[in-house]
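Before any comments, here is the structure.
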Amino acid sequence: MTIRFCLLVTILAAMCCVLPLEASAAHLESSRSNPRLELVRTEAARLIEEASRPEQTDEADPAAEAAHLLARVARYADPRRDREAFVLAAHALRVTTMLGALTPEDRERIAPLLTDDEALSREVAFAWWEGHDDPIKVLHVLRDLADTHTVDRLAEAPRLVAALCVVHDDPRLMRLNENRARPERPARLFEYYTTARMNPLVANLPPELLVWGVDAVDADELAWVNREHAGHQRVGTLFHTIDYDHEHFRLGQPKKVTQAGLSLPNIARHGGVCIDQAHYAVQTARAIGVPAAICRGRSSEVSHAWVGYLEVRGRRAWWNFDEGRYTEYAKVRGNVVDPQRREIIPDGEAAARAASYGLDADKRHQAAALHDAAAVMGAYEGGWTDDVQPFIKNAKQRRDATAADRLELLEASVTLNAGELRSWEAVTDLAGSMDDRAKDRWATAAMRLAGSGFKEFAVDFSMPLVESVEDVAARSAVLGRLFEYTKADRPGVAAEIMIANAQLYATTGDSERAYAAYAFTAVEYADTSSLAVTALRRAMVMLREHGHTTRAVDLARSAWSKTTQPSSSAPEFAGQSNWSRIGALYVAALKEDGRTNEAQTIERQLGGSSAR
């Protein structure tokens, strides 16, 4: 039985529980400032204590009771004034669910690790991503860490412990073309990260960002690159310090680093291809405490790897995805592997995590708790059951168990922490319950919260919502706002939006506007987005269908004139440039129009390259 299903069963079981919370007069007297909060605190503590017992009675179901507790908070509490009540109830649900998955023997050993230190317990519990992390394996990592290090020492670095638990619950070899790199054991990584010289700018990273720093190789290799590069402020630039193995790429000879054995010192000594250059820079970044990731092109037509890493200036942090990204690939959007979920995600999603930087633990946990409350409300979608009662008599009900009410809590969550990706994901899951106006509102909210820092994420989040807007004019209007939002500094994203608009016009039979959008994209973004090639192809097809071969030549010439010929510094990648690919389409258009001599002249300039 999957953990996701187990939690759903827990929530459904909670709907049948009647759990009166009667407080004594003395208790209420001591808690007059916020009696509801004290009642939640008392009940949450009771449930965690009950879930910590090695042996559970058949009648006891602490996780179901915790789900019921959170449902009551979701129904009656204010997400602005009663945030701690949400946190207490959500933390109780997470801890009781995780402990409930363990055997009695494991529970006896592990439960104290989640009850003796509140900060450690909250960081581990809220870092757990239900549906992606196996709670048993997460807690086994925590147990193994405690077996090697004292609990007091773990409590000194709760965010690091949480990141190690949710990354190394599913350790996997790092695939680097023909080579594999084995991740280090979490206990050794904890020792390394708590004793090695770290970058002071990122000393207080939240787990949301630390997960990109602890998926690391052998600690001895980390120590070696740390000695070489400790304190490096732009660690991504180390990509360029690794010699490129041209003999391997051009002549097919075995890579020198593969023959020597893949390691960071051997990459520094023998060089490699782009994946090795990126691996060296990323692992060096992680060795000095900087989150980083290998980035690959988001297109089947490219085969290049470069570097993404976190930069920090004062109270701001953002991801830099520019190092090792040759000019030919500046037009291509990238993907990275999420070290926690072990999924390939857009680089913009990783960039959104930077919004968690600088937030105190309370805000991060409140945002996660609001997400959990919205999830629990989903089990009551048909309406609250009679047992979901207020904590204090005559308390005002603040929300029904509708999709709109869940979205209200999710909006409060991402407003607190725009990097709380679980809440954004939950909003996407509720898209089918939104009307066009709500979808427009959420797209606008994404642009507002993302600001200039992670526009790619705002667009990636918004596009599925926008594409499901039924009113064509309304959908085109939102696409227009997204285009205005990105056109100045995100040409690749702007081109993607413009193509979506062209497709909208094409599906509604407005071929004139569809062609205009494709042609605009082909010329305007010829030198800044790989999608210009796609747009040019589609525009040329539309022209050919109407016999306008000469206009196709003119359009291709206009687009090609905007491209930049690749420099000789990276000849291996020239064929993947827009200059080569649009040029090849220009050649094809000339030949189709019967202008063979002109086509041959352009072919000589291209060096015989062809469109991909």
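- Put simply, the side chain of V414 does not reach to within 4.5 Å of the side chain of F461, judged on heavy atoms.
- Neither side chain, T402 nor D400, offers a donor N or O lying under 3.5 Å from an acceptor on the other.
- Looking only at side-chain heavy atoms (C-beta outward), I497 and Y485 stay at 4.5 Å or farther from each other.
- In this structure, K439 contributes its side chain and S468 its backbone to a donor-acceptor pair below 3.5 Å.
- N417 places a side-chain N or O within donor-acceptor distance of the main-chain N or O of G419, the cut-off being under 3.5 Å.
- More than 12 heavy atoms of other residues, nucleotides or ligands lie within 6.0 Å of CD in E343, so this atom counts as buried by the packing criterion.
- Between V469 and D440 the shortest side-chain heavy-atom distance does not fall below 4.5 Å.
- For R398 and E408, the salt-bridge test fails: no basic side-chain N is under 4.0 Å from an acidic carboxylate O.
- Side chains of F391 and V73 form a contact here, defined as non-hydrogen atoms less than 4.5 Å apart.
- Pairs of residues two or more places apart, or lying in two chains, that qualify as salt bridge (charged side-chain N to carboxylate O under 4.0 Å, His left out) and include a residue from residues 502-523 are D510-R513.
- In this structure, the side chain of T42 engages the main chain of E38 through a donor-acceptor pair within 3.5 Å.
- A search for side-chain hydrogen bond (donor to acceptor under 3.5 Å, both in side chains) contacts involving H91 returns S121, not counting sequence neighbours.
- Contact record, V336 with P346: CG2-O, 4.5 Å, taken as the closest heavy-atom pair.
- From E467, atom CD reaches atom CE of M463 across 4.5 Å, with rounding to the nearest 0.5 Å.
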Subject >> Verdict with reasoning, D436 to R475, per salt bridge (charged side-chain N to carboxylate O under 4.0 Å, His left out) >> reply: CA-CA 8 Å; D436 287 355; R475 191 192 312 180; over 6 Å; no
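- A ring-centre distance under 6.0 Å is not found for W318 and F454.
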**OP:** Start with the C-alpha gap between Y518 and T521, add the side-chain angles, then the distance that decides, and say whether side chain to side chain contact (heavy atoms under 4.5 Å, CB included) holds.
**Re:** CA-CA 5 Å; Y518 284 134; T521 305; 5.8 Å; no
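- Taking CG from D61 and NE2 from H68, the interatomic distance works out to 12.5 Å, rounded to the nearest 0.5 Å.
- The pair D460-R333 counts as a salt bridge, with a side-chain nitrogen and a carboxylate oxygen less than 4.0 angstrom apart.
- Atoms CG and CD1, on L99 and I136 in that order, are 11.0 Å from each other to the nearest 0.5 Å.
- Atoms CD1 and CZ, on I582 and R537 in that order, are 9.5 Å from each other to the nearest 0.5 Å.
- R422 has no carboxylate O lying under 4.0 Å from a charged side-chain N of E425, or vice versa, which leaves the two without a salt bridge.
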**OP:** Could you go through the side chain to side chain contact (heavy atoms under 4.5 Å, CB included) check for V307 and I294 one step at a time?
**Re:** CA-CA 5 Å; V307 181; I294 293 175; over 6 Å; no
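- In the model, D527 has no side-chain atom that pairs as donor or acceptor with a side-chain atom of T563 under 3.5 Å.
- With a 4.5 Å cut-off on side-chain heavy atoms, D134 and D170 do not count as touching.
- Residues Y505 and S476 approach most closely at OH-OG, 3.4 Å, considering heavy atoms.
- The minimum heavy-atom distance linking E311 with N320 is given by the pair OE1-ND2, 3.1 Å.
- Nearest heavy atoms, N578 versus S530: OD1-CA, 3.8 Å.
- Residues F321 and C295 approach most closely at CD2-SG, 4.2 Å, considering heavy atoms.
- A distance-only check finds no donor-acceptor pair linking the side chain of E545 to the backbone of M540 [under 3.5 Å].
- Counting heavy-atom neighbours within 6.0 Å of D386 CG, excluding the residue itself, gives a total of 12 or less.
- Checked by atom type and distance alone, the side chain of W424 never pairs as donor or acceptor with a backbone atom of A458 at under 3.5 Å.
- A donor-acceptor pair shorter than 3.5 Å cannot be found between the side chains of R72 and Q389.
- Electrostatic pairing of R80 and D78 counts as a salt bridge here, judged by a charged N lying under 4.0 Å from a carboxylate O.
- Using a 4.5 Å cut-off on side-chain heavy atoms (C-beta onward), L88 and L37 make contact.
- A donor-acceptor distance shorter than 3.5 angstrom exists from the side chain of R83 to the backbone of P79, with no hydrogens or angles considered.
- The line from CZ of R296 to CG of N335 is 9.5 Å long, rounded to the nearest 0.5 Å.
- Between R364 and D362 no salt bridge is recorded (no basic side-chain N to carboxylate O distance below 4.0 Å).
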Subject >> L410 and L430: CA distance, side-chain angles, deciding distance, side chain to side chain contact (heavy atoms under 4.5 Å, CB included) verdict >> reply: CA-CA 11 Å; L410 293 171; L430 287 169; 3.9 Å; yes
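- L482 places a side-chain heavy atom less than 4.5 Å from the side chain of S462.
- Within a 6.0 Å radius of CZ in R441, no more than 12 heavy atoms belonging to other residues, nucleotides or ligands are found.
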Original post:
salt bridge (charged side-chain N to carboxylate O under 4.0 Å, His left out) between E484 and R481: does it pass, once the steps are laid out?
Top reply: CA-CA 5 Å; E484 292 296 321; R481 291 204 304 278; over 6 Å; no
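- Contact check for R341 versus V337: no side-chain heavy atoms found under the 4.5 Å cut-off.
- Classification of R46 and E65 as a salt-bridged pair holds, one side-chain N sitting under 4.0 Å from a carboxylate O.
- Taking CZ of R551 as the reference point, atom CE of M542 lies at 10.0 Å (rounded to 0.5 Å).
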**OP:** Evaluate the criterion side chain to side chain contact (heavy atoms under 4.5 Å, CB included) for residue pair R353 and F457; output intermediate values, then yes/no.
**Re:** CA-CA 10 Å; R353 284 291 202 180; F457 171 75; over 6 Å; no
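- Under a 4.0 Å N-O distance rule, the pair D215/R342 qualifies as a salt bridge.
- Around atom CZ of R544, more than 12 heavy atoms belonging to other residues, nucleotides or ligands sit under 6.0 Å away.
- Residues R94 and D372 are paired through a salt bridge, judged by an N-O separation under 4.0 Å between the basic side chain and the carboxylate.
- In this structure, H132 and W129 have perpendicular ring planes: the angle between them is above 60°, well past the 30° mark.
- Among all heavy-atom pairs drawn from D169 and K137, the shortest one is O-CD, 3.3 Å.
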